[in-house]
2 protein chains.
Amino acid sequence: MQRQQNLTKNQKIVLDIIEKSTEPLKAYSILSNVKKKGINAPPQVYRALDKLVDMGKIHKIESKNAFVACQNSNCKVSKAAAFSICESCEEVTEIDNSKISKYLSSFADKIGMKYKKYNLEFFGLCKKCK
Amino acid sequence: MQRQQNLTKNQKIVLDIIEKSTEPLKAYSILSNVKKKGINAPPQVYRALDKLVDMGKIHKIESKNAFVACQNSNCKVSKAAAFSICESCEEVTEIDNSKISKYLSSFADKIGMKYKKYNLEFFGLCKKCK
DNA sequence: CTCTATAATGTTATATTATTACATAGTGTT
DNA sequence: AACACTATGTAATAATATAACATTATAGAG
């Protein structure tokens, strides 16, 4: 069984490029960027992405089919994440989610759900664009 | 300019099938169900879906690439929506979001964002499955 | 009414995103 | 060495979504 801390070769390559990016990266964009490192085909990228998401190292922005590195160390535990997405400049920012997490998990309890994680995407205009 | 209340022929057909479904429908599943009604190609479905989402009549479950009819009349205004998604039985339920809306919009204010809408997806186990 | 602008529709092709299926290679355990 | 298991490599294809362009319907303006 793979340990959380020891990433495999492909996982390291994929995580590295996501961490270095200033914006969410799409799977095929990652693929084209890692061809020189010997990753040739989609499944290699998607497998690494899946595992990294499972570990909480990255998050998927569902509305964009794109991936960002986790900014909050606590996501390692909850895997829950919240983002603000600017509809003008496309900037995506991960929101420090400890308060939201508390609120939302209590909400999930209230509706009778055994809560595991959530994905929250805010759309609007960021500070700069509004 | 199209008025909110007057749906076009294709929009009616697509909305109708989504409203009759007990589960989120995918675009190509909708397509195959409406071929008999004269809708033949993906763009016809996607165009109707886009407009219906804009009007708040339906919502897209981003994590599933699927569409559900809006359960809350107030979504017509806010277009914001929250769902609980059971990872066991796949049931998707729209959460009455007036409280969450209030909380999240104030949160968006606090981080300096001009808030327009949000999409929130809870994952876990529903009442029946837990 | 009819002209015109716009919205809606229809159609073909193609782009983008993601998975299946199977073969090969490494890694640790007994 | 034999094994189970994880990871990797590869080809093919499935599933999701859009571009581009032609045609038809509809609502106002004159």
Side-chain angles (χ1 to χ4, degrees), chain A residues 1-18 21 23-55 57-68 85 87 90 92 119 121, chain B residues 1-18 21 23-55 57-68 85 87 90 92 119 121:
Chain A
M1 180 62 182
Q2 185 183 328
R3 294 205 230 92
Q4 283 221 341
Q5 307 314 326
N6 294 344
L7 302 180
T8 68
K9 173 176 146 270
N10 288 357
Q11 287 162 14
K12 273 181 208 150
I13 293 170
V14 169
L15 178 57
D16 188 56
I17 193 169
I18 293 174
S21 171
E23 55 182 15
L25 290 180
K26 292 175 166 253
Y28 275 70
S29 151
I30 291 167
L31 176 57
S32 71
N33 275 285
V34 297
K35 286 231 161 124
K36 53 200 160 206
K37 303 217 168 166
I39 294 182
N40 304 305
Q44 295 172 290
V45 171
Y46 281 103
R47 284 193 291 235
L49 289 172
D50 283 352
K51 290 283 169 62
L52 291 167
V53 167
D54 277 354
M55 293 176 201
K57 299 275 190 195
I58 64 173
H59 300 296
K60 182 173 186 181
I61 311 295
E62 295 284 358
S63 62
K64 290 178 170 294
N65 298 316
F67 299 84
V68 293
I85 302 172
E87 289 179 328
E90 299 285 307
V92 175
N119 182 69
E121 299 175 16
Chain B
M1 180 61 183
Q2 186 184 331
R3 294 204 231 91
Q4 281 219 344
Q5 306 314 329
N6 294 344
L7 301 180
T8 68
K9 174 177 146 268
N10 286 358
Q11 286 161 16
K12 274 181 208 149
I13 293 170
V14 169
L15 178 56
D16 187 56
I17 193 169
I18 293 173
S21 172
E23 55 182 16
L25 289 180
K26 292 176 166 251
Y28 275 71
S29 151
I30 292 167
L31 176 57
S32 71
N33 276 285
V34 296
K35 286 231 160 124
K36 52 199 162 206
K37 304 218 169 168
I39 294 181
N40 305 304
Q44 298 172 287
V45 171
Y46 280 104
R47 283 192 291 234
L49 290 171
D50 282 353
K51 291 284 169 63
L52 291 168
V53 167
D54 276 354
M55 295 176 202
K57 300 274 190 193
I58 63 172
H59 299 296
K60 181 173 187 180
I61 311 295
E62 295 285 358
S63 63
K64 291 180 169 293
N65 299 316
F67 299 84
V68 293
I85 301 171
E87 291 179 327
E90 298 284 309
V92 174
N119 182 69
E121 299 174 17

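Below, chains carry the letters A, B, ... as their sequence lines are ordered, and counting in each starts from 1.
- Along DNA chain C, the nucleotide nearest A:Ser29 and the nucleotide nearest B:Ile39 are compared for position; the residue whose nucleotide lies closer to the 5' end is B:Ile39.
- Listed nucleotides: D:dT16, C:dA8, C:dT17. Nearest to the side chain of B:Lys51: C:dA8.
- Side chain of A:Tyr46, nearest nucleotide from C:dA18, D:dG9, D:dA17: C:dA18.
- As rounded to whole Å, 15 Å separates atom P of C:dA7 from atom CG of B:Asp50.
- Following rounding to the nearest Å, B:Lys64 (NZ) and D:dA15 (P) show an atom-to-atom distance of 16 Å.
- Computed from coordinates, the A:Glu62 CD to C:dT17 P distance equals 13 Å when rounded to whole Å.
- Remark: A:Gln44 is in phosphate contact with D:dG9, judged by side-chain N or O atoms under 4.0 Å from OP1 or OP2.
- In this entry the distance linking CG of A:Leu7 with C1' of C:dT27 reads 17 Å, nearest Å.
- When rounded to the nearest whole Å, the span between CG of B:Leu49 and C1' of C:dT9 equals 15 Å.
- Checking D:dT18, D:dG9, D:dA20 against every side-chain atom of B:Pro42, the shortest atom distance belongs to D:dT18.
- No donor-acceptor distance shorter than 3.5 angstrom exists from the side chain of A:Asp16 to the backbone of A:Lys12, with no hydrogens or angles considered.
- Distance A:Asp54 CG to D:dT6 P: 14 Å, rounded to the nearest Å.
- Within the 4.0 Å cut-off from OP1 or OP2 of C:dA18, at least one side-chain nitrogen or oxygen of A:Asn65 is found.
- With distances taken from any side-chain atom of B:Asn10 to the nucleotides D:dA17, D:dT16, C:dT9, the minimum falls on C:dT9.
- No donor-acceptor pair closer than 3.5 Å links the side chain of A:Ser21 to the backbone N or O of A:Ile18.
- Residues B:Ser63 and A:Asn119 form no side-chain contact, since every pair of their non-hydrogen atoms from C-beta on lies 4.5 Å or further apart.
- For the pair B:Lys26 and D:dA15, the criterion of a side-chain N or O lying under 4.0 Å from OP1 or OP2 is not met.
- Between the CG atom of B:Leu31 and the P atom of D:dT18 there is a distance of 15 Å, given to the nearest Å.
- Between A:Leu49 and A:Ile30, some side-chain heavy-atom pair lies under the 4.5 Å cut-off.
- Between B:Asn40 and C:dT12, a side-chain N or O to OP1/OP2 separation shorter than 4.0 Å is absent.
- The shortest distance between the side-chain N/O atoms of A:Lys37 and the OP1/OP2 oxygens of D:dG9 is not below 4.0 Å.
- Under a 3.5 Å cut-off, the side chain of B:Lys26 and the backbone N or O of B:Lys64 do form a donor-acceptor pair.
- Residue B:Tyr28 places no side-chain atom within donor-acceptor reach of the base of D:dA14, judged by atom type and a 3.5 Å distance cut-off alone.
- At whole-Å resolution of the value, CD in A:Gln11 and P in D:dA7 are 6 Å apart.
- Under 4.0 angstrom from either OP1 or OP2 of C:dT9 there lies at least one side-chain N or O belonging to B:Thr8.
- Residue-level contact check: B:Lys60 touches the backbone only, with heavy atoms under 4.0 Å from sugar-phosphate atoms and none from bases.
- Between B:Val14 and B:Leu7 there is no side-chain heavy-atom pair separated by less than 4.5 Å.
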